[in-house]
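For reference, the structure discussed in these notes is given below.
Positions are given from 1 along the sequence. Hydrogens, waters and symmetry mates play no part in the numbers below; they use all other heavy atoms, side chains included.
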Amino acid sequence: MSESLLERAADEFRRQYGLPAAFCVRAPGRVNLLGEHTDYNGLPVLPMAIDRCIAIAARPRDGRRVRAVALDWGHEIESFELAPAIPKHPQGHWMNYIKAGMQGILAKLCPDEREGMTGCDMVIAGNIPAEAGLSSSSALVVASAMTLLHVHHRTVGRLTLAEWMAEAEWYVGTRGGGMDQAVCLLGQPDHALQIDFFPLRAQPVSWPKEYAVVLCDSGVRAKKSESALRAYNFRSAECRLAARLLNQALARNGWESQFQRLGDLLRPPFHFSYTEIRDLAESALRDTYRYSELVQALGEESRVIEILRDCSIPGDPGDSGPRFHCGKRYRHVAREALRVVKSRELLDRGEMEAFGELMLEGHASARDDFEISCPPLDQLVRIAMESGAVGARLTGAGFGGCTVNVVRRDQVKEFLAAVRSHPGLPPSITHPGMIFPVNAAPAAAYYPIS
Ligand code: GLA
């Protein structure tokens with residue numbers, strides 16, 4: 001599938017620019033099997049790179065201009081000049097992801113190197129459904145950065161590049177963690193990855209070949225550029241506020257050190273276990289706080305406002321504004337991290353029924369405590385379980401997008417038929433092609449033009 005994508009990008013390149021491309025880059029999307037909204041809290045995730053990709057055909061050009069055509073988004077040539085602070089396209093435009101990746105590289109170079117950076121021409125093709133929770137945006141960010149690096153014969157270690165790209169993607173306005181960029185750069189065929197953060201580490205986890213991963217796209221579009229972006233950033237703010245509240249609880253118990261992200265508690269001087277982190281998160285916080293209660297608990301309004309502003313939430317929301325569900329959010333995060341650690345052991349032992357149970361628990365927790373599900377996703381999880389899946393849950397940031405389902409490989413055909421003909425299928429699923437198996441795919445790479 002990606003072969004033909006690369007060819008499509010390369011053929012179109014010649015047609016658009018009248019010259020052959022010099023090289024291609026392919027970057028995979030991902031499905032997250034477990035560990036949702038844990039990454040920016042410094043806790044592990046268990047994603048898999050998938051055989052749905054972004055392909056870029058490119059050729060260096062003189063001057064600082066970058067020109068790009070996206071085959072599936074309008075065929076228009078868009079362009080910009082490489083600069084330390086590249087002005088944005090309108091919010092939600094695909095060019096912003098290219099700008100994010102390239103600006104992310106420029107940001108790490110010294111001024112002399114930055115000055116010397118010339119641009120390129122690009123054609124982009126892809127088959128990752130957009131805004132479906134499969135990380136098409138990070139694949140584009142990573143592929144664009146790799147394009148610029150290759151134009152300048154530069155190599156950067158994959159772990160380092162993944163860290164750069166996680167930060168680079170903040171350019172588009174989401175305060176995301178580092179999972180998507182890391183799995184895109186480090187994924188392996190036949191394997192999921194356990195990824196840990198701060199510092200970034202990835203360990204391949206062998207995926208049992210008797211089981212398939214099937215995605216069901218709810219058709220509900222989680223527009224990162226609009227309300228889902230605000231909701232995502234709000235979750236991130238709630239977690240940061242929860243950290244401050246928990247630090248106070250620790251201080252009351254005699255701890256002098258402070259932690260920044262929940263995952264820091266695994267390390268010195270704390271050395272908590274995952275279970276201890278969960279117990280603390282469950283016991284030390286209230287489910288929900290009003291704004292004034294937060295300010296009172298934390299003692300400094302300016303700190304609260306600073307955290308909100310840092311997560312792109314303007315001003316003082318006051319008590320008439322939203323509630324802050326710090327306890328519920330941290331309960332999900334801490335329990336979810338424990339599920340990732342357990343799930344890895346279950347995969348190593350091939351205990352897939354128990355793995356499926358954890359997926360269902362993860363979905364319930366994402367729905368009830370992190371509140372990132374929606375009725376079509378819940379319905380799809382129910383339908384999948386009635387149709388023979390061993391486990392099912394929403395995947396990615398939530399608020400729409402896909403569910404991930406684990407199905408015995410010898411039952412995939414029956415599963416697909418049962419889901420597609422289920423009378424309860426959400427009306428947002430307009431096409432049987434929205435339910436499809438995926439395979440664990442290799443990490444992003446360069447390809448010569450054939
Ligand atoms: C998005 C972000 C990731 C991660 C997931 C939720 O995909 O980009 O960093 O936070 O949401 O698990």
Side-chain angles (χ1 to χ4, degrees), residues 1-3 25-36 38-39 43-54 127-128 133-136 138-139 142-143 146 157-163 165-166 177-197 199-215 336-337 339-359 362 389-393 395-396 402-410 412 436-447:
M1 184 181 284
S2 67
E3 288 301 303
V25 182
R26 182 197 50 76
R30 63 100 186 94
V31 58
N32 193 16
L33 298 162
L34 263 173
E36 229 56 90
T38 44
D39 58 354
L43 288 163
V45 293
L46 191 78
M48 181 186 266
I50 57 172
D51 48 358
R52 293 290 187 117
C53 306
I54 292 283
N127 58 11
I128 313 172
L134 303 179
S135 216
S136 58
S138 298
V142 167
M146 286 178 65
R158 284 180 178 258
L159 281 172
T160 304
L161 187 56
E163 284 181 328
M165 290 302 105
M179 163 171 69
D180 306 342
Q181 302 80 6
V183 65
C184 180
L185 281 156
L186 299 159
Q188 294 187 11
D190 307 323
H191 288 79
L193 286 187
Q194 180 180 327
I195 305 177
D196 291 89
F197 303 89
L200 184 63
R201 287 149 291 155
Q203 295 163 303
V205 183
S206 176
W207 181 257
K209 48 182 178 311
E210 303 78 28
Y211 288 85
V213 176
V214 180
L215 299 180
E336 185 80 346
R339 277 190 284 274
V340 171
V341 177
K342 279 194 201 156
S343 71
R344 189 175 166 189
E345 292 161 13
L346 294 173
L347 279 181
D348 286 344
R349 295 201 297 266
E351 292 182 25
M352 296 307 282
E353 298 290 330
F355 181 81
E357 286 295 318
L358 288 184
M359 291 177 77
V390 296
R393 57 181 284 279
T395 187
C402 289
T403 58
V404 52
N405 308 275
V406 172
V407 180
R408 279 200 64 91
R409 207 171 279 285
D410 55 10
V412 168
F436 54 95
V438 288
N439 292 301
Y446 297 110
Y447 293 82

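- I128 and P28 get closest at one heavy-atom pair: CD1-C, 4.2 Å.
- Salt-bridge annotation for D190 and K209: absent, with no side-chain N of the basic residue lying under 4.0 Å from a carboxylate O of the acidic one.
- Closest heavy-atom contact between M146 and A444: SD-CB, 3.6 Å.
- The side-chain hydrogen bond (donor to acceptor under 3.5 Å, both in side chains) contacts involving residues 345-354 comprise R349-E351, where partners must be two or more places apart or lie in separate chains.
- Remark: the backbone N or O of D51 is not paired with any side-chain donor or acceptor of N439 at under 3.5 angstrom.
- Paired with T395 under the rule side chain to side chain contact (heavy atoms under 4.5 Å, CB included), one option of L34, N32, L33, T403 passes, and it is N32.
- Proximity of L347 to L46: side-chain heavy atoms (C-beta onward) are separated by under 4.5 Å at one or more points.
- Side-chain contact between F355 and V390 is absent, with no heavy-atom pair separated by less than 4.5 Å.
- Rounding to the nearest 0.5 angstrom, the gap separating the CG atom in L159 from the CG atom in L200 is 5.0 Å.
- A distance of 7.5 Å separates OG in S343 from CD in Q194, rounded to the nearest 0.5 Å.
- For the pair D39/I195, no side-chain contact is recorded, criterion being any heavy-atom separation below 4.5 Å from C-beta on.
- Heavy atoms only, all atoms of each residue included: M352 and P208 are closest at SD-CG, 3.6 Å.
- The CZ atom of R30 sits 12.5 Å away from the CE atom of M48 when rounded to the nearest 0.5 Å.
- Of all heavy-atom pairs spanning E336 and G362, the tightest one is OE1-CA, 3.7 Å.
- Summarising the geometry of V183 relative to A49, their closest heavy-atom pair is CG2-N, 3.5 Å, with the distance given to 0.1 Å.
- In this structure, S135 OG and M179 CE are separated by 7.0 Å, a value rounded to the nearest 0.5 Å.
- N405 places a side-chain N or O within 3.5 Å of a backbone atom of V214 that can act as its donor or acceptor partner.
- Put simply, CG on L134 and CZ on R52 are 8.5 Å apart, with the number rounded to the nearest 0.5 Å.
- Residues that satisfy the salt bridge (Lys or Arg N to Asp or Glu O under 4.0 Å) test with R409, not counting sequence neighbours, are absent from this structure.
- C184 approaches A139 most closely through the heavy-atom pair SG-CA, 4.1 Å.
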Pair L185-V142, side-chain contact (heavy atoms from CB on, under 4.5 Å): steps then yes or no: CA-CA 8 Å; L185 281 156; V142 167; 3.8 Å; yes
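- A 4.5 Å side-chain heavy-atom check between M359 and V404 finds at least one atom pair inside the cut-off.
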